[in-house]
There are 2 protein chains.
Amino acid sequence: MKRIAESTVRRLSLYLRFLEDFEKRSIGTISSDELAARGSTTSAQVRKDLSFFGSFGKRGLGYSVPELLARLRQILGLDHEWHVVIVGAGKIGAALAQYRGFSQRGFRIVALYDSDPEKVGRTVDGLQIRPMSALTAESHHHRPDIAVLAVPATAAQEVADIVVAAGVRAILNFAPQQLQVPDTVALKEVNMAIELEGLSFALTNLRM
Amino acid sequence: MKRIAESTVRRLSLYLRFLEDFEKRSIGTISSDELAARGSTTSAQVRKDLSFFGSFGKRGLGYSVPELLARLRQILGLDHEWHVVIVGAGKIGAALAQYRGFSQRGFRIVALYDSDPEKVGRTVDGLQIRPMSALTAESHHHRPDIAVLAVPATAAQEVADIVVAAGVRAILNFAPQQLQVPDTVALKEVNMAIELEGLSFALTNLRM
DNA sequence: GACGTCTTGTGAATTTCTTCACAAATTACG
DNA sequence: CGTAATTTGTGAAGAAATTCACAAGACGTC
Ligand SMILES: NC(=O)c1ccc[n+]([C@@H]2O[C@H](COP(=O)([O-])OP(=O)(O)OC[C@H]3O[C@@H](n4cnc5c(N)ncnc54)[C@H](O)[C@@H]3O)[C@@H](O)[C@H]2O)c1
Ligand SMILES: NC(=O)c1ccc[n+]([C@@H]2O[C@H](COP(=O)([O-])OP(=O)(O)OC[C@H]3O[C@@H](n4cnc5c(N)ncnc54)[C@H](O)[C@@H]3O)[C@@H](O)[C@H]2O)c1
């Protein structure tokens, strides 16, 4: 199969959201044009994105909302549950642990770890904070697929090494720190400072 | 001036981080190669990115760290303070309000708003939560440049309209909701669910 | 069942982004 | 001063992503 661009995958996630909305409003069929309008893209882009994975539409009619939903879930790997551990039960880690949006999409938070003895043992949203020393052993039981890193930048690489050794195959990193991981491990960064700087650039250079 | 690609701006932010680190370690001069190595890009990419804004290096030598730092800060508009309001003092909004990383880079949080009367009046990190009804009037005084939206998706568009009317010219949106704003307003989305879905896709389709 | 309307799926064209590759500058050093 | 070693800045080439544009299929109607 041809390599799929990251931008395509991001758009598929968007389409999924729009389709969920269309389904909620009991709309049975949708055209690439309508889908495109919701995502400020073009109908050709929508069709091209989908065409990498097959032909899901009917000419003259469009796409069946429930069918395309099922296909997209399958393509994105959302047709089953993923096990997620969060490392770092600070402000961001705690917010993420409580966030409903993740479990809704099949990302089940199986454990929350922190190195601070003060925090260990406390409960966040029904989940007890566990000590870092327990991560490796407990991973044999939980079998986490994804680790979310919400630790200080200085600890991020060390923690990444630990979770990779514990069998995690994907990392979502919130620490502003470039991580090194084996290329068998998928890695995404969320860097809010970079987004803000992007806005700063836009304010400075565009218009005015 | 030629249009600058978003990917270029993101890389400039990264270079800035690396340079700050080099400066901390008292390294006076850096080559595009060394900068590239830190950001898993190429030296040609680094030079091309910088070349959109001028020639800052010395042939045979590289770039002066303090000089390039200053240039990048200027290019990104980080050579002065931006006023930021956060709307939504929930889990994410509170975490962001307390985050040191923003003020460090000149993003000063001037106000925090919420519509919940229970929350209004409480203090987060020295900042009193203000009622939504006060946003417009207080903006005449604070003159916010950037609004961070940390409200439920259902409220996001409504809040966006309010902050735009109040004179905000850039929005960082954490709600999983596609916003409509005038094209004089810069907009960035942070969507953590999409990042997780990207990892899910990678786990599903790459290897195995 | 022929005709008109609609919308997909996809090669081709276009645009955008990245990498290559090398002349021009600069330094180091004998 | 001359030569070797670096490293920038940038056109040109190459790769990747997006948009165009249209043939082909599906439906509704008469
Ligand atoms: N809070 C925000 O709004 C925000 C925004 C953007 C980025 N970030 C980044 O997210 C990360 C966490 O930020 P935060 O505000 O939640 O910080 P925080 O200090 O509230 O939380 C960090 C947590 O990590 C724990 N920790 C430290 N070292 C550890 C280790 N080696 N192993 C396990 N746990 C460890 C600490 O005990 C603490 O509970 C930071 O890298 C920060 O830069 C935060
Ligand atoms: N918590 C997370 O980890 C997380 C992760 C990803 C995305 N998000 C998104 O961020 C947003 C906020 O999430 P949260 O977890 O902080 O939710 P939250 O419920 O803790 O906070 C939302 C806050 O917004 C306030 N609010 C509601 N309507 C408002 C309005 N019209 N005007 C002003 N304030 C209003 C509420 O009173 C509340 O304090 C949501 O859109 C959520 O989907 C959150």
Side-chain angles (χ1 to χ4, degrees), chain A residues 1-15 18-19 22 27-72 75 198 201-202 205-206, chain B residues 1-15 18-19 22 27-72 75 194 198 201 205-206:
Chain A
M1 193 214 276
K2 227 182 128 284
R3 209 194 128 265
I4 304 297
E6 165 149 347
S7 50
T8 294
V9 179
R10 298 187 81 85
R11 282 190 299 267
L12 293 182
S13 281
L14 284 180
Y15 304 155
F18 302 147
L19 286 167
F22 288 131
I27 294 169
T29 274
I30 206 78
S31 71
S32 56
D33 234 352
E34 294 167 290
L35 215 38
R38 281 295 231 91
S40 44
T41 179
T42 64
S43 61
Q45 182 75 81
V46 171
R47 296 198 298 276
K48 180 73 75 179
D49 285 340
L50 296 175
S51 76
F52 293 126
F53 303 96
S55 343
F56 310 132
K58 274 206 175 48
R59 294 175 185 219
L61 199 66
Y63 301 87
S64 147
V65 171
E67 193 190 312
L68 190 54
L69 259 174
R71 293 305 201 122
L72 283 180
I75 290 165
F201 177 83
N205 294 276
L206 276 42
Chain B
M1 191 213 278
K2 227 183 129 281
R3 208 195 129 264
I4 304 297
E6 164 150 347
S7 50
T8 294
V9 179
R10 300 186 80 84
R11 282 190 300 267
L12 293 181
S13 282
L14 284 180
Y15 304 155
F18 303 147
L19 286 167
F22 288 130
I27 295 169
T29 273
I30 206 78
S31 72
S32 56
D33 234 352
E34 293 167 292
L35 215 39
R38 281 296 231 91
S40 45
T41 179
T42 64
S43 61
Q45 181 76 80
V46 170
R47 296 197 300 275
K48 180 75 66 176
D49 285 340
L50 296 175
S51 76
F52 294 125
F53 303 96
S55 342
F56 310 132
K58 276 207 172 48
R59 297 178 181 213
L61 200 68
Y63 301 87
S64 147
V65 171
E67 192 190 314
L68 190 54
L69 259 174
R71 293 305 200 122
L72 283 181
I75 291 165
I194 285 187
F201 177 83
N205 295 274
L206 277 41

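Chain identifiers are assigned alphabetically (A, B, ...) following the order of the sequence lines, protein sequences preceding nucleic acid strands; residue numbering begins at 1 within each chain.
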Minimal non-hydrogen separation, [X] against [Y], with atom names:
X	Y	value
B:F56	B:L50	CE1-O, 3.8 Å
A:L61	A:T29	O-CG2, 3.5 Å
A:S31	A:E34	N-OE1, 2.8 Å
B:Y15	B:D49	OH-OD2, 2.7 Å

Would you kindly give the [atom1]-to-[atom2] distance between [X] and [N], to the nearest whole Å?
X	N	atom1	atom2	value
A:F56	C:dT8	CZ	C1'	13 Å
B:E6	C:dT16	CD	C1'	14 Å
B:R47	C:dT18	CZ	C1'	13 Å
B:R59	C:dA28	CZ	P	18 Å

Validation row: [X], [Y] side chains within 4.5 angstrom (heavy atoms):
X	Y	result
B:I75	B:F52	no
B:R10	B:S13	no
A:F53	A:L12	yes
B:F201	A:I4	yes

**Asked** Of the residues in residues 29-41 of chain A, which ones touch DNA chain C at a heavy-atom distance under 4.0 Å?
**Response** A:S31, A:S32

**Message:** Let me spell it out: for each of B:S51 and A:L61, pick the nucleotide of DNA chain D with the closest heavy atom. Which residue's pick is nearer the 5' end?
**Reply:** B:S51

**Asked** Hey, is the side chain of A:Y63 poking within less than 4.0 Å of OP1 or OP2 on C:dG9, counting only N and O atoms?
**Response** yes

**B:R3 side-chain N/O to C:dT16 phosphate OP1/OP2 under 4.0 Å** = no

**Request:** Assign B:T8 to base, sugar-phosphate, or nothing according to its heavy-atom contacts below 4.0 angstrom with the strands shown.
**Result:** nothing

**Prompt:** Which part of the nucleic acid, if any, lies within contact of A:S43, taking any heavy atom under 4.0 Å across all strands shown: a base, the sugar-phosphate backbone alone, or nothing?
**Reply:** nothing

**Request:** State which of C:dT19, C:dC17, C:dT27 makes the closest approach to the side chain of B:S7.
**Result:** C:dC17

**Message:** Please identify the 5'-most and 3'-most nucleotides of DNA chain D with any atom under 4.0 angstrom from a heavy atom of chain B.
**Reply:** D:dT6 to D:dA12

Let me have the donor-acceptor pairs involving side chains of residues 37-44 of chain B, under 3.5 Å, with sequence neighbours excluded, atom names and distances please.
from	atom 1	to	atom 2	distance (Å)
B:R38	NH2	B:D21	OD2	2.1
B:T42	OG1	B:Q45	N	3.1
B:S43	OG	B:R47	NH1	3.3

